[in-house]
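The structure appears right after this line, and notes come after that.
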Protein chains: 2
Amino acid sequence: MTVTIKDIARLANVSHTTVSRALNNSPLINDKTKNRIKQMADKLNYTPNVNAKGLVTLRSYNIGLFFSTLNTGTSANFFYDVVRGVNMVIKDQYNLVVKSIDEFESNYNRISSRQYDGIIVMSQTRSDRALIEHAISVGIPVVLLNRAAGDLHVGNILSDDLKGAYQLVDYIIRNGHRRVAIVEGREGFQSTIQRKNGYLEALKDHGIEPNPKLCIQGKYDVGSGYEAMRQLLKEELRPTAVFCSNDDMAVGAIKAIIEADLQVPEDISIAGFDDNVFAAYLSPELTTVKRPIDQISREGAAMIMRMIDLKLKATQEHAMSSVEHITIESVLVIRKSVSTITPA
Amino acid sequence: MTVTIKDIARLANVSHTTVSRALNNSPLINDKTKNRIKQMADKLNYTPNVNAKGLVTLRSYNIGLFFSTLNTGTSANFFYDVVRGVNMVIKDQYNLVVKSIDEFESNYNRISSRQYDGIIVMSQTRSDRALIEHAISVGIPVVLLNRAAGDLHVGNILSDDLKGAYQLVDYIIRNGHRRVAIVEGREGFQSTIQRKNGYLEALKDHGIEPNPKLCIQGKYDVGSGYEAMRQLLKEELRPTAVFCSNDDMAVGAIKAIIEADLQVPEDISIAGFDDNVFAAYLSPELTTVKRPIDQISREGAAMIMRMIDLKLKATQEHAMSSVEHITIESVLVIRKSVSTITPA
DNA sequence: ATAAATATTGTTCACGTGTGCATACCTTGT
DNA sequence: ACAAGGTATGCACACGTGAACAATATTTAT
C-alpha cells in the first residue's frame, strides 16, 4: 500500500540503506545512483514515515507553541499574530502544535523530548514556570516569549511593556492630564503588572499621587473594558484620561463613554496598548503603543530553530550552552484619542 | 535516561509485553499486576514514545487544522475562534497541528496518513480541492468546514452564509433602503460568493436591479473596508446602506464615513457579517449576522474524531462508510447601525 | 603491476512498542 | 487424580528508518 525505502530498494536493485542515504543526500552515495533513486522515489510518491524516522533520530519535527490559556485574556489579534509569525518562519520544516497550558492540569508527563523538538512558550503568567521546568528537565529547548526568563535557562524574547506604558502615560500627562486612570489587564498576567508599573512610574515622575479609585481591574477583553469605564464614569471626580492596558479594552471603554453621551477625546481621552489592526480605524483613531508581536514571534521561531540545531550538534563540552535574550522595543503611536487640556 | 516499558519490565520482573498490556488496560492482565505496573510507571515518570507507538499502531495522534491561508483574508477573530473551538474538543487526545495550505505550493506528498490521523480543512476557497483529494487518496479522514463538499467524500459542516446574507439584506430593504451597496469579501473565497449571492437574491426578490457600481471588491480586512467605502462615497448617487461582507470591513467602512463628516446610521446605514467580539461595542452597535464559528469548529472536531474511530474499527464491509453533512444556521443580529428611512 | 587509498554499497542491528502464538499456571468437573 | 478449560504471562517478530561496521569496487601512487 504505502511505499517504503525497502520497496524502492528492491526496484532499484540496491539495499535500503543506499536508498536512505540517497534520499538524505549523503555524500557517500554516487551522484548517478543518487539521482536515479530520487527520481524513483518521486515517481512512486514516496513519503517518509515520520514515526520510524523519529524513532531512530530522536526527533519529532514538532514545535510546540504553548499559550497560558486560550480562553479569556488572550486577544484574538494577539493570538493570530503569534501563530502566523511563528508559522511563517518554521514553514515546512516543522509541525506547529498549538497547545493551551491550562489543559494539562499540572500533569506535564506527557510532554517529552520525543514529542517536541522544541517549545515556544507565549507566556502570560508566571504560573507556566512548572511547565517550563519540566520541559528543561526532559531536555527540550525552550524559548520564552513575553516575559522575563529570570533564572530559567531558556531563550527569551520580550517587549519592554513597562517602558512602553511609561512613555504613553508620560505623553498623556504632558498633555495636561492629571487625573489619569488605568484599566488593568487580566489579574496575574505579567503584562498586566508591567504596564501598571509603567503607569505608576510615569505618575510618580510627574509628582502625581496614584489614586486606587482610578485603577480598575480588567480582563483584556472588550467587555471588561466597557465595564471598567462604566465604573470610572460613576466617580464624582472623573478621570480626564484613561490608559487601557490593551486595545480591545479601549474599544469597550470608548463605547461606555459614548453611551454616557460624552465624547472621546473632548471629554475623556483614551489610550490603548498593542496597536492592533483596528486601532487606526476607530473613531477617534486610537493613540496606543505598538507591541511588535509579529517580530517577537518570528524571532522566537528563529531562536528555537537555532537552539534545536545547536542541541543536535552538541557535545559534552557544549552541554551547557548559553542562551540568548532579546528585548524588542515597543513604540508610542500617537493618533487622536488623547487631547491636550489645560489643567484647571 | 528516558524510561521505556522494558525498564519497567525489568524492575517489575515481568516481560515488556505484560507492561505494554497493563498500561493499555488489556483485560488479559491480572488486576493486581496491572495496578502494580501502573503505579511503577507513574513513579518512574514513564512517557510512552509516540513514535514507536505510532510506528506499530499506524497512528500519529496528530489532527491537522488547515487554513487556506494565514495571510490576508483570514480575520483574527475567525482564526482564534476556530483554533479554540477545535482545541477544546480534542483536548489531550490529539495534537493540533495548524497549517496554512498555501505553504505547500501544490506539493502534498508530505501529507501522509502516518502524519495525520485526520484533517480538518477550514476552507476559504475551492482551490483546496487538490489538497483534499490527496488526503482522501492516502486514506486520511477529512472534515471540510465552511464550504459545501460537493462530490468530495468528506465530512462537511457549514453555515448557511447565503441565507444569512439574504436575511440581512432583506431586513435592510424592509427598512426602506433601495440603494444598498455591498463590500465583497476576498476574491475567490467561497464565503465571498455566498454572501454576494444572498445579497443579489434579496435585491431581486424586492425587485431592485443590482448596480455594479455599488458592488465593491474587498479583502475581508479593515483597510479594504475603508477603501471600499471611500470609493462608494465618491458616487454621485450614494448608497443609503452598505452591507459589508464581514465585521472587520464594517469597521473600516464606518471610519471612512465618519471621516467624510457623515453619520452612521443617520446618513448611511452599515451592516456586517460574523458578529465578532467587537460588533456589539462599536458605535453604533453593529447590525450583523452571527456566524456560529465556535459551534462549527467544535462540531468539526467531534466529527473528525468520530471518523477516525470509525476508520480504526472499519472492516472491508464498512470500507465505504457514509459521511455526515451538517448545516448550522446563521442568525440575524439586529442592533443599531441600520436606520429606517422613507424612500424618496 | 600492485599495493594503498578512496569511493561506493551492503549487512546487521537498534530504536520502543504492540500482537500472534506458545506456554505455564490455575480452576473446575468428573 | 486427571483431563479440560480458562487465565495469565512470555517469546519472537514486525513496523520503517538510520548508522556502525564490513565488504567490495574503483582510483591513485609507486
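Proteins get letters first, then strands, A, B, ... in listed order; numbering begins at 1 in each.
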Original post:
Any donor and acceptor pair, going by atom type alone, linking the side chain of A:T47 with main-chain N or O of B:N109 inside 3.5 Å?
Top reply: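 Such a contact is found between A:T47 side chain and B:N109 backbone.
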
**OP:** Using modelled atom types only, decide if a donor and an acceptor are shared between the side chain of B:K34 and the backbone of B:S26 within a distance under 3.5 Å.
**Re:**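 Between the backbone of B:S26 and the side chain of B:K34 there is a qualifying donor-acceptor contact (under 3.5 Å).
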
Subject >> By side-chain contact (heavy atoms from CB on, under 4.5 Å) - contacts of A:R129 (at least two apart) >> reply: A:E133, A:R147, A:D151, A:L152

Subject >> Stretch residues 12-22 of chain A: residues that reach within less than 4.0 Å of DNA chain D through a heavy atom >> reply: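 Nucleic-acid contacts, sorted: A:H16, A:T17, A:S20, A:R21.
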
Original post:
Got a sec? Which of residues 25-34 of chain B come in under 4.0 Å of DNA chain D, heavy atoms?
Top reply: B:L28, B:I29, B:N30, B:T33

Determine whether the side chains of [X] and [Y] contain a donor N or O and an acceptor N or O closer than 3.5 Å.
X: A:D102; Y: A:S100; value: yes
X: B:S20; Y: B:T17; value: no
X: A:N49; Y: B:Q115; value: no
X: A:T74; Y: A:Q124; value: yes

Subject >> the helix from C:dA1-D:dT30 to C:dT30-D:dA1: angle between end helix axes, five pairs per end, rounded to 10 degrees >> reply: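 Between the axes fitted at each end of the helix from C:dA1-D:dT30 to C:dT30-D:dA1 lies an angle of 40°.
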
Original post:
For the residue pair A:F79 and B:F79, is the inter-centroid distance of their aromatic rings smaller than 6.0 Å?
Top reply: yes

Original post:
So, B:Y116 versus B:Y94, ring centres under 6.0 angstrom or not?
Top reply: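 No, too far apart.
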
Subject >> Sub-4.0 Å heavy-atom contacts from residues 38-62 of chain A onto DNA chain C, ordered by number >> reply: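 When residues 38-62 of chain A is checked for heavy atoms under 4.0 Å from DNA chain C, the hits, listed by number, are A:L55, A:V56.
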
**OP:** Taking only Lys NZ, Arg NE, NH1 and NH2, and the carboxylate oxygens of Asp or Glu, determine whether B:D7 and B:R10 approach each other closer than 4.0 Å.
**Re:**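 Looking at B:R10 together with B:D7, the answer is yes, because their closest N to O distance falls below 4.0 Å.
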
Subject >> Range on DNA chain C touched by chain B - first to last nucleotide, heavy-atom distance under 4.0 Å >> reply: C:dG16 to C:dC21

